[in-house]
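Presented below is the structure to which this report refers.
One-based numbering along the sequence shown.
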Amino acid sequence: MSISFREPLALAVLLIGGACSGARDSVAPQSIDAPTIVVRSSAVRDLRFVSGTVRSTTVSSLSAKVMGNVTRVLVSEGARVRAGQPLLEIESADLRARGAQTRAGAAEADDAIAAADAAVRAAEANAKLAGSTFTRYEALRSRGSASPQEFDEVSSKNAAAQAQLDQARRSREQAVSRRAQARASVAEADAFVGYSTVRSPIDGIVTARMIDPGAQAAPGMPLLTVEDSNAYRIESVVDESLAAAVRAGDEVVIDCDGRQISARVATIVPAVDPATRSALVKIALPHDAALRSGTFVRVGFATGSRKTLVVPPSAISRRGELTSVYVVDSSRIARMRIVTVGEPRGGNVEVLTGLDDGERIVSAPPAAISDGMRIGSAP
């Protein structure tokens, strides 16, 4: 009795389930509007990426030229400075005292020059008088009107006057030499006083400060570093095989956190490091690169070309470690497909696996899209 009741009940459940299943299969898929594109293979450069570091083309490391206590540090890291702007001051009392001493010596040298000039003028007048007297007595002697003794006395006075004039002139030359030395000492002292104020040699930005007020500065001691903030380059170390293929002027791709910048090779250092078998490549950055000194970047060097598929970055959906696109079939049904992506390519993303040439994909999937939706309005 119980067995015969259960069999019709089970049959009824199966019939109802089948009817419901058929109803579900007959329901049309939901529709959503979304842009689509047909994926085509294209030739792209084959890039080999290596690491690089952004550097300023001009880096000025400022060090002390005099000894003394640092009295003031006028800038901090990150400050923008102009050429000639004071950055740091060192105690200069001793230097100023030395300068005052040398200027006093220079003033004494000037006074000595004045005295020497007066002595030369007096010696010239005396020598002129003695010379005239000697000439007159020489004429008198030729006529026999002057005694030999008188002529000898006049001749001796003339010789003495000429000797005095020569001595006065030599003394003046020595005074001039001493004044030149004194003035050189003044210039040197003023220069040392100037060294007590450290100034920026270039327009740029302070990237390092190695001393604080109150610290003792000594000649050669590093104080500050200033970099030119208007001209940057990238320094990249590449192996010798790649270095042999790189030429100045070659175009490279700079990748910084997914943002790509086009740049060109400026210099390849010809010497290869024998320890690492690598060479340094310097790459000029455009002025609008907006990269900071010390930034890590990846540099892509072209090593050839090949055919590949590329899609807009907006077409890629990311869920954790998985990347996918929505492929649109002939019935306009979107199916999510897992793909493997490669390097960015000129604003697009390279697709290594998961897509075929000629397939249509959703170029910018809406947030509400899901697998099995129809793209566009239902017919």
Side-chain angles (χ1 to χ4, degrees), residues 60-75 79 81-134 154 156-204 206 209-226:
S60 296
S61 297
L62 307 181
S63 58
K65 294 183 178 180
V66 295
M67 180 174 289
N69 290 326
V70 175
T71 56
R72 291 200 302 168
V73 180
L74 306 174
V75 293
V81 296
R82 305 287 295 176
Q85 178 179 334
L87 308 179
L88 181 146
E89 293 180 356
I90 300 173
E91 174 57 44
S92 58
D94 293 342
L95 298 175
R96 296 185 188 282
R98 177 184 173 186
Q101 183 179 1
T102 56
R103 279 189 288 274
E108 292 178 359
D110 290 338
D111 293 340
I113 288 289
D117 287 339
V120 167
R121 289 194 295 270
E124 287 176 343
N126 187 41
K128 182 178 180 180
L129 177 60
S132 299
T133 302
F134 174 76
V154 170
S156 177
K157 289 180 180 179
N158 180 55
Q162 295 300 326
Q164 289 176 354
L165 176 59
D166 292 340
Q167 179 61 38
R169 287 173 174 170
R170 285 195 295 271
S171 297
R172 186 184 182 282
E173 290 176 356
Q174 292 173 356
V176 169
S177 178
R178 287 193 296 272
R179 183 177 65 179
Q181 293 176 356
R183 289 180 175 177
S185 297
V186 170
E188 181 182 9
D190 289 343
F192 274 96
V193 171
Y195 293 154
S196 64
T197 299
V198 179
R199 300 178 182 273
S200 176
I202 59 172
D203 294 346
V206 178
R209 167 180 158 178
M210 288 79 81
I211 201 165
D212 294 314
Q216 179 77 16
M221 181 177 179
L223 304 173
L224 300 162
T225 300
V226 180

Item checked: Of T71, V198, V75, the residue whose pairing with L88 passes side-chain contact (heavy atoms from CB on, under 4.5 Å) -> V198
Next item on the list: Provide the closest heavy-atom pair for A218 versus A64 in the form atom of the first, atom of the second, distance.
Entry: O-CB, 3.2 Å
Margin query: If I compare all heavy atoms of D203 with all of A83, which pair ends up nearest, and what's the gap?
Written below: OD1-N, 2.6 Å
Next item on the list: Starting at OG1 of T225, measure out to CG of L62 and round the result to the nearest 0.5 Å.
Entry: 7.0 Å
Note to self: A side-chain contact here means heavy atoms from C-beta on lying under 4.5 Å apart; do V226 and L87 qualify?
What the structure shows: yes
Check: Got a second to check how far S171's OG is from D117's CG, nearest 0.5 Å?
Finding: 11.5 Å
Next item on the list: Might you work through the side chain to side chain donor-acceptor pair (under 3.5 Å) test for R178 and Q181, ending with a clear yes or no?
Entry: CA-CA 5 Å; R178 287 193 296 272; Q181 293 176 356; over 6 Å; no
Next item on the list: Looking only at non-hydrogen atoms, find the nearest pair between K157 and A130 and report the distance.
Entry: O-CB, 3.9 Å
Next item on the list: Work out which heavy atom in Y195 is nearest to a heavy atom in V66; give both atom names and the distance.
Entry: CB-CG1, 3.8 Å
Margin query: Measuring only between side-chain heavy atoms, which start at C-beta, is R209 closer than 4.5 Å to V73?
Written below: yes
Notebook entry, point to check: Side chains of E173 and V120: does their closest heavy-atom pair fall under 4.5 Å?
Noted result: no
Checklist line | Point-to-point distance, once rounded to the nearest 0.5 Å, from CD of E89 to OG of S196 | finding: 7.5 Å
Next item on the list: Please test N126 against Q164 for side chain to side chain contact (heavy atoms under 4.5 Å, CB included), starting from the C-alpha separation and ending with a verdict.
Entry: CA-CA 9 Å; N126 187 41; Q164 289 176 354; 3.2 Å; yes
Item checked: Taking every non-hydrogen atom, the tightest pair across E124 and L165 -> CG-CD1, 3.2 Å
Next item on the list: Flag the pair K65 / P219 as yes when at least one side-chain heavy-atom distance between them is below 4.5 Å, and no otherwise.
Entry: no
Check: In Å and rounded to the nearest 0.5 Å, what is the OG to NZ distance from S132 to K128?
Finding: 7.0 Å
Note to self: Between M221 and M67, is the side chain to side chain contact (heavy atoms under 4.5 Å, CB included) condition met? List the steps.
What the structure shows: CA-CA 9 Å; M221 181 177 179; M67 180 174 289; over 6 Å; no
Next item on the list: Kindly compute the distance separating CG (N158) from CG (L129), expressed to the nearest 0.5 Å.
Entry: 9.5 Å
Notebook entry, point to check: How far apart are the closest heavy atoms of L74 and P86, and which atoms are they?
Noted result: CD1-O, 3.6 Å
